[in-house]
Number of protein chains: 2
Amino acid sequence: MIYSSELIKGTLKTIVLKQLENNKRMYGYEITQRVKVLTSDRIQITEGALYPTLHALEAEGLVTTETEYIGKRIRKYYTLSPDGKTRIDEKISELADFMNTMKFLLDIKPQPL
Amino acid sequence: MIYSSELIKGTLKTIVLKQLENNKRMYGYEITQRVKVLTSDRIQITEGALYPTLHALEAEGLVTTETEYIGKRIRKYYTLSPDGKTRIDEKISELADFMNTMKFLLDIKPQPL
DNA sequence: CAAATATACATAAGAATATTATGCATTAAT
DNA sequence: ATTAATGCATAATATTCTTATGTATATTTG
């Protein structure tokens, strides 16, 4: 199952920040691939969504960047800033709370183990 | 806590359809009030979001409508269609699955009871 | 009883954020 | 040699929300 796009909306920044928290230093393409693998292809972040999001996170001061050349190919690494570290914890708490509310509202039972 | 708006995006149709499943027959304003109460004010559906959504659900054939006058005031009741009943089950399954994926991806632990 | 609040519908301008398409370029695989 | 993968990025478009506005009736409160 690939989730319908509306669902993923609103969670992209959180997903990206979390990956940076887990892996210290990542480049854009790497983030898309890791999320794809971690979710067994369920979440596929497109480039048109990713890059504007990364640029927005940088503009908000939540990530910092370093550019490197791997051979002749450019690679732009992103790292969580101190503000970003604070923000990701807040965002995850909010999302966890939201998901509990949705479970209640939609009468979703915890699936049997 | 009132959830940041991005979070709610993509779940509005599901919330509305679920309310109609639970309550058979509701009008727009009633839906906003019920959701507000059920979520202890955490989710407040604005009219600018609600009415276009209801119209879209009607255009998709997921709900049917009946208009009634209560005194001189008009009231438009919405009821889930057979297609809507099928769709709400699908949407809830998808959302439940998505939330599990997000919990895993964001390393969210089940909160202690 | 007048004013404020609640009820009840609706649309429109604008913002945010995704999709889809396109572009450029290097490197690896068939 | 061609295709696929890697890697960045932007632009046009679509979707869907917020905020503001509009109209009108009913109820509550000072």
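Proteins come first, then strands; the chains are lettered A, B, ... in the order of their sequence lines, and each starts at number 1. Everything quoted here is computed from the prediction, not taken from an experiment.
- Note: A/T64 OG1 to A/D83 CG = 11.0 Å, rounded to the nearest 0.5 Å.
- The residue among B/Y78 and A/T11 whose nearest nucleotide of DNA chain C lies closer to the 5′ end is B/Y78.
- In this structure the side chain of B/V16 never reaches within 4.5 angstrom of the side chain of B/M26, judged on heavy atoms.
- In terms of phosphate contacts, B/T53 brings a side-chain nitrogen or oxygen within less than 4.0 Å of OP1 or OP2 of D/dC17.
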Go through B/I108 and A/M99 one step at a time and tell me if the side-chain contact (heavy atoms from CB on, under 4.5 Å) criterion holds.
CA-CA 11 Å; B/I108 295 173; A/M99 292 195 297; 3.7 Å; yes
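- A sub-4.0 Å separation between OP1 or OP2 of C/dC9 and a side-chain N or O of B/H55 is absent.
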B/V63 and B/L17: CA distance, side-chain angles, deciding distance, side-chain contact (heavy atoms from CB on, under 4.5 Å) verdict
CA-CA 8 Å; B/V63 300; B/L17 289 174; 4.1 Å; yes
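- For B/R75, the listed nucleotide lying nearest its side chain is C/dC9; candidates were C/dA18, C/dC9, C/dA10.
- The nearest whole Å value for the distance from the CD1 atom in A/I70 to the P atom in D/dC8 is 10 Å.
- Distances from the side chain of B/I74 to the nucleotides C/dA18, C/dC9, D/dA9 place C/dC9 closest.
- Residue A/L12 is in sugar-phosphate contact alone, with no base atom involved, counting any heavy-atom pair closer than 4.0 Å across all strands shown.
- Between B/R87 and B/E94 there is no salt bridge, since no side-chain nitrogen of the basic residue lies less than 4.0 Å from a carboxylate oxygen of the acidic one.
- Listed nucleotides: C/dC9, D/dA9, C/dT11. Nearest to the side chain of B/P52: C/dT11.
- Remark: A/K72 is not in phosphate contact with D/dG7, judged by side-chain N or O atoms under 4.0 Å from OP1 or OP2.
- Using a 4.0 Å cutoff on non-hydrogen atoms, the parts of residues 21-48 of chain A near DNA chain C are A/T46, A/G48, ordered by number.
- Residue A/L54 contributes atom CG, which lies 14 Å from atom P of D/dG7 at whole-angstrom precision.
- Using a 4.0 Å cut-off, some side-chain N or O of B/Y51 falls inside it from OP1 or OP2 of C/dC9.
- A donor N or O paired with an acceptor N or O is found under 3.5 Å between the base of D/dT6 and the side-chain atoms of A/R73.
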A/T14/B/L106 under side-chain contact (heavy atoms from CB on, under 4.5 Å): CA gap, chis, key distance, verdict
CA-CA 8 Å; A/T14 306; B/L106 301 180; 3.8 Å; yes
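- A donor-acceptor contact closer than 3.5 angstrom links the side chains of B/E58 and B/T65.
- One can place CG of A/L50 at 14 Å from C1' of D/dT10, the figure rounded to the nearest angstrom.
- Between the P atom of C/dT26 and the CD atom of A/E68 lies a distance of 19 Å, rounded to the nearest Å.
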